[in-house]
Protein chains: 2
Amino acid sequence: MGSETKILVVDDEKKMIDLVRLYLEKEGFKVDEALNGQQALEMIEKTEYNLIILDLMLPVVDGWTVCKEVRKKSDIPIIMLTARGEEFDKILGFELGADDYVVKPFSPRELVARVKAMLRRYGPKEPSQILEFEGLLIDPESRKVVVDGKEVALTPKEFDLLYFLAKNKEKVFTREKLLEEVWGYDFFGSLRTVDTHVRQLREKLGGSKASTYIVTVWGVGYKFEVGK
Amino acid sequence: MGSETKILVVDDEKKMIDLVRLYLEKEGFKVDEALNGQQALEMIEKTEYNLIILDLMLPVVDGWTVCKEVRKKSDIPIIMLTARGEEFDKILGFELGADDYVVKPFSPRELVARVKAMLRRYGPKEPSQILEFEGLLIDPESRKVVVDGKEVALTPKEFDLLYFLAKNKEKVFTREKLLEEVWGYDFFGSLRTVDTHVRQLREKLGGSKASTYIVTVWGVGYKFEVGK
DNA sequence: GAAATTTATAATGAATTTGTGAATGAGGGC
DNA sequence: GCCCTCATTCACAAATTCATTATAAATTTC
């Protein structure tokens, strides 16, 4: 992880920057800071960052403008920081190219989790691997799944679940762990939700060999297993 | 399970403590309680906890102070409990070294999930190891057991028992100790239960060399022994 | 060698866990 | 606004495992 992942934090409150820096550095990230939008744009010009954390309310040049400017030249992931009550701005932020937002006050765990999720997704592109098994092909790029040569339509959650299990084949996950990994650290719903999605998946994978891949490990959870 | 993870819960409302205790103990954690900040600090001094759950509003010494004091000496994960509306305090809490916060009223699942997440991240982690012996392979990640090249299906308890014994090979355990370690500290059933599971295991490990590994130590208990 | 203690075997009902069908409700597209 | 999809939850059925009991076998002790 910490192999030189550079993050730029833009906020006019020094205290906030320090807080964010504290937790990001604990995770091994390299952190730079900018106190206003103007400065931020200059720094982005000079240095190649892997991710930008951007407060909306900035002096000189506001967050939206920074966002728009950055997007003209690059696809760096941007996480916006917004104060509660600025909910409306959220939409605007997304339209202008932000990839995620976090509402202040936030928990460091939440921010770190989102940063990591973002980097996993957009960061130093580990070639998104096409997974292939007998009678089953999973392409994360196009989010396409092919069973016995025929494309099968999966819902987003179904796809994410299948892809996660397949990517970590032979490894058992508890329902709790799956909720955390596939649904997200901030989902606290019922464990049985996992069962339902597994069922849907098995059904959609049909009577073919593919339907045998998702295995119930009784008393523990599920795993993806190729078998023999 | 059973490996003694100790959590200190600090709150001036006994009712709140009981609630938290209920859910944490159900998960196998050992829970201590303190009703005020002063008491909390004394307990932390004497005992080594793996995690602290800390209410902000405390008599004698408040949550912030406790947090600051703890941080002077240790990196124990701290989860803060705050009442809704104390949003502002959240930031302050983080600056003082809290690792996460939960807003009251909270769902027990949420609290437990956060506790576990915290322990996973900061707690000590032992890598799960594949154990291999002549004619027997035990993989805790996939929870697979292979005897003489053929996979054998074990029930959860059988697997846990076998893995525990094998991981601690050459060491004798009384039935009592096994119940505590494999079943959990809160299991108060018959000692004979262990016998039953040992028998099942031996049967499933078949006539091969593997079936000789679980050894009865007469008058004491069982051990896993590779022999010659 | 017999009695006493400890362990092995086998069977069964209870308890836990998972599968299944269906209902609800949120959110997006038209 | 309306319909459709998807995610989630619930209730119930099915499957599996678990703990216990009773009885037989083994081992020790005297």
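A, B, ... follow the sequence lines: proteins, then strands. Residue 1 opens every chain. Owing to the predicted nature of the structure, the values given are computational and were not obtained by experimental measurement.
- Rounded to whole Å, atom C1' of D:dC18 lies 18 Å from atom CZ of B:Phe188.
- Considering only side-chain atoms of A:Phe187, the nucleotide from D:dT17, D:dT20, D:dT8 that sits closest is D:dT8.
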What is the per-nucleotide protein-contact pattern of nucleotides 10-17 of chain C, from the 5' end, where B denotes a base atom under 4.0 Å from a protein heavy atom, S denotes such proximity for sugar-phosphate atoms only, and - denotes neither? B-----BB

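- Counting only N and O atoms by type, the side chains of A:Thr216 and A:Arg202 include a donor and acceptor under 3.5 Å apart.
- Summarising the geometry, the separation between CG on A:Leu191 and P on D:dT9 is reported as 9 Å, rounded to the nearest angstrom.
- Between the B:Asn50 side chain and the B:Lys6 main chain, a donor and an acceptor come within less than 3.5 Å of each other.
- Nucleotide C:dA8 holds its C1' atom 14 Å from the CG atom of B:Leu201, rounded to whole Å.
- An end-to-end axis angle of 30° holds for the helix from C:dG1-D:dC30 to C:dC30-D:dG1, taken from five base pairs per end and rounded to 10°.
- Under the 3.5 Å distance criterion, the side-chain polar atoms of B:Arg199 are left unmatched by any main-chain donor or acceptor of B:Val194.
- Nearest approach of B:Val220 to B:Arg175, heavy atoms of both residues: O-NH1, 4.0 Å.
- Residue A:Arg202 has a polar side-chain atom (N or O) positioned under 4.0 Å from OP1 or OP2 of C:dG19.
- Residue A:Tyr222 places at least one side-chain N or O under 4.0 Å from the OP1 or OP2 atom of C:dG19.
- Side-chain nitrogen and oxygen atoms of B:His197 include at least one within less than 4.0 Å of the OP1 or OP2 phosphate oxygen of D:dA19.
- B:Ile7 and B:Tyr49 make their closest contact through C-CD2, 3.9 Å (heavy atoms, listed as atom of the first residue, atom of the second, distance).
- Atoms CG (B:Asp195) and P (C:dT9) sit 10 Å apart, rounded to a whole Å.
- Using modelled atom types and a 3.5 Å distance limit, the side chains of B:Arg143 and B:Tyr163 yield no donor-acceptor pair.
- The phosphate of D:dT20 (OP1 or OP2) has a side-chain N or O of B:Thr193 nearer than 4.0 angstrom.
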When the side chains of residues 130-140 of chain B are checked against the rest of the protein, which donor-acceptor pairs come out under 3.5 Å, sequence neighbours left out?
| residue | atom | partner | partner atom | Å |
| --- | --- | --- | --- | --- |
| B:Asp139 | OD1 | B:Glu141 | N | 2.9 |
| B:Asp139 | OD2 | B:Ser142 | OG | 3.0 |

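- For B:Arg192 and C:dT5, the CZ to P distance is 14 Å, given to the nearest whole Å.
- Regarding B:Lys157, its NZ atom lies at a distance of 14 Å from the C1' atom of D:dT20, rounded to whole Å.
- Here B:Phe224 and B:Phe164 keep their ring centres 6.0 angstrom or further from each other.
- Taking atom CD of B:Gln200 as the reference point, atom C1' of D:dC18 lies 10 Å away to the nearest angstrom.
- A:Glu180 has no carboxylate O lying under 4.0 Å from a charged side-chain N of B:Lys116, or vice versa, which leaves the two without a salt bridge.
- C:dT9 atom P lies 12 Å from atom CD1 of B:Ile214, rounded to whole Å.
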